Amino acid sequence: MLFDFADLSADNVYKLLVSTVVPRPIAWVTTRDTEGRVNAAPYSFFNVMGNDPPVVCIGIGPKKGELKDTGTNIRRTGQFVVNLVSEDTVHAMNITAIDVDPGVDELAMAKLTPLASTTVAPPRIAESPVALECERLAVVELGNGRAVVMGKVLAMHVRDDCVLDAAKCYIDTPRLGLIGRMHGRGWYARTTDRIEIPRISVAEWQAGKVAE
C-alpha cells in the first residue's frame with residue numbers, strides 16, 4: 001500500500017509515522033524560562049545524531065496553536081537537559097505530559113526531584129537513570145509552531161549502579177531499564193527484550209559464514 005504524503009492531512013501523516021517508526025527513545029526535557037521557572041515535558045520525536053560533536057535532535061510541535069514552553073525556553077535560553085525514561089519513571093513522565101498552563105511546575109506535580117546540573121542552568125531529574133546536559137546548536141523552524149532542536153551534549157550523568165567501568169565508559173545498558181515509545185496514545189516498549197546479531201566482517205561474508 002502506497003501512502004503519498006502529498007495527498008494526506010498532517011494528522012494522517014502523524015498516525016503513519018508514529019505507528020511505523022518504533023520504538024522511539026523519549027527525551028524527557030527539562031528547561032528554565034527567563035524568569036527561572038522549571039518546565040518538564042516528554043518528546044518521542046527524538047534521537048542522538050552523532051558523537052563528534054555529540055548531537056541530539058528533538059522534534060517539538062505546537063501547543064494549542066502556540067509555541068510549547070520547552071521550545072520557547074530553548075529558543076530564549078539556549079539550554080536544556082534530556083532525561084531518559086525508565087520503566088520505573090514512566091508514570092511520572094506521563095504526568096509531566098499533561099497539558100497545563102505555563103509556569104506550572106510539572107516536576108512537583110509528578111513528585112520528582114530536581115538536581116542541579118553541572119554545565120547548564122536547567123536541573124536534571126534525580127529519578128532518571130541518564131541525563132544529558134545540552135546547549136542549543138540550532139533550531140530549524142518548520143512553520144506552524146513546529147521546529148527541530150539540535151543540541152550539543154556537554155555532559156552526561158549515569159546512575160552509579162549502571163556504570164560497569166567508568167574509565168572505559170562501559171555502561172550496563174539493560175540495567176538502565178529504559179523504555180521506548182510505540183504507537184497510539186499509551187503504548188510503550190521495554191528495552192530488556194532484545195536479540196544479539198554480531199557484525200559481519202568482509203572475510204566472513206566472502207567465506208559464506210553468515211547466519212540465516
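Values reported hereafter were calculated over all heavy atoms of this structure, with side chains retained and with hydrogens, waters and symmetry mates removed. Everything numeric in this text was worked out from a predicted model, so none of it was measured.
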- Flag yes if more than 12 heavy atoms outside R136 fall under 6.0 Å of its CZ atom; otherwise flag no. yes
- Message: Would the distance check show the side chain of D105 and the main-chain N or O of A108 forming a donor-acceptor pair, the cut-off being under 3.5 Å?
- Response: yes
- Message: The test is side-chain contact (heavy atoms from CB on, under 4.5 Å); show your working for H157 and T118 and say whether it passes.
- Response: CA-CA 10 Å; H157 301 266; T118 58; 3.9 Å; yes
- Do you know the tightest heavy-atom contact between A131 and R124? CB-CB, 3.8 Å
- Query: Got a second to check how far F45's CZ is from R146's CZ, nearest 0.5 Å?
  - Reply: 8.5 Å
- Query: Just wondering, do M49 and V56 contact through their side chains at under 4.5 Å, heavy atoms?
  - Reply: no
- E135 side chain to K152 backbone, donor-acceptor under 3.5 Å: no
- Audit row: I95, E106, side-chain contact (heavy atoms from CB on, under 4.5 Å) steps and yes/no: CA-CA 8 Å; I95 291 173; E106 292 90 351; over 6 Å; no
- V81 backbone acceptor or donor facing E133 side chain under 3.5 Å: no
- Out of curiosity, does I58 fall in the hydrophobic cluster containing L178 (side-chain heavy atoms, cut-off under 4.5 Å, transitive links)? yes
- Separation between SG of C134 and CE of M156, rounded to the nearest 0.5 Å: 9.0 Å
- Query: Under a 4.5 Å cut-off applied to non-hydrogen side-chain atoms, are C57 and N47 in contact?
  - Reply: no
- Side chain proximity check, F46 to I26, heavy atoms < 4.5 angstrom: no
- For T96 against P42, the heavy-atom pair lying closest together: OG1-CD, 3.7 Å
- Between R24 (side chain) and S44 (backbone), is there a donor-acceptor pair under 3.5 Å? yes
- Task: Ignoring hydrogens and angles, state whether a donor on the side chain of T70 or N39 is under 3.5 Å from an acceptor on the partner side chain.
- Result: yes
- Task: Could you tell me the separation between the CG atom of L164 and the CZ atom of R175, rounded to the nearest 0.5 Å?
- Result: 9.5 Å
- Report, as yes or no, whether the 6.0 Å neighbourhood of atom CG on D160 holds more than 12 heavy atoms from other residues, nucleotides or ligands. no
- Give a yes or no answer on whether the side chain of R32 reaches the backbone of A121 with a donor-acceptor pair at less than 3.5 Å. yes
- Same apolar cluster (I L V M F W Y, side chains within < 4.5 Å links), V130/V153: yes
- Might you confirm whether atom CG of D4 has over 12 heavy atoms from other residues, nucleotides or ligands at distances under 6.0 Å? yes
- Query: Is the side chain of R194 donor-acceptor paired with the backbone N or O of T192 at a distance under 3.5 Å, no angle test?
  - Reply: yes
- Message: Count I, L, V, M, F, W, Y as connected when their side-chain heavy atoms are under 4.5 Å apart, and connections chain through other members. Are V85 and L107 then in the same cluster?
- Response: yes
- Please examine the side chains of P123 and L115, heavy atoms only from C-beta on, and report whether any two atoms are closer than 4.5 Å. no
- Message: Hydrogens and angles aside, do N83 and S128 bring a side-chain donor and acceptor to less than 3.5 Å of each other?
- Response: no
- Message: So, taking the atom named OH in Y14 and the one named CG in L8, what distance separates them when rounded to the nearest 0.5 Å?
- Response: 15.5 Å
- Smallest separation among heavy atoms of F80 and G151, with atom names: CZ-CA, 3.8 Å
- Below 4.0 angstrom, N of the basic side chain to O of the carboxylate: do E127 and R159 qualify? no
- Go through the steps to decide whether I125 and W28 satisfy the test side-chain contact (heavy atoms from CB on, under 4.5 Å), and finish with yes or no. CA-CA 9 Å; I125 298 173; W28 198 5; 3.7 Å; yes
- Are any non-hydrogen side-chain atoms of V148 and L142 less than 4.5 angstrom apart? yes
- Message: I need the D33 CG to I74 CD1 distance, nearest 0.5 Å.
- Response: 12.5 Å
- State, with a plain yes or no, whether a side-chain heavy atom of F3 is found less than 4.5 Å away from one of N12. no
- Message: Return the OG1 to CZ distance between T72 and R75, rounded to the nearest 0.5 Å.
- Response: 6.0 Å
- Item | Backbone of S201 reached by a side-chain donor or acceptor of E204 within 3.5 Å | yes
- Task: Indicate the atoms forming the closest heavy-atom contact of V22 with V18, along with that distance.
- Result: CG1-O, 3.3 Å
- Looking at K68 and G61, what are the two nearest heavy atoms and their distance? CG-O, 3.2 Å
- Minimum side-chain heavy-atom gap V158-L176 below 4.5 Å: yes
- Message: Are Y43 and V82 packed together at the side-chain level, in the sense that at least one heavy-atom pair is separated by less than 4.5 angstrom?
- Response: no
- Give the cluster check for L112 versus V90: same hydrophobic cluster or not, with ILVMFWY residues linked at side-chain heavy-atom distances below 4.5 Å. yes
- Message: Starting from I171, can I reach L132 by hopping between I/L/V/M/F/W/Y residues whose side chains sit under 4.5 Å apart?
- Response: yes
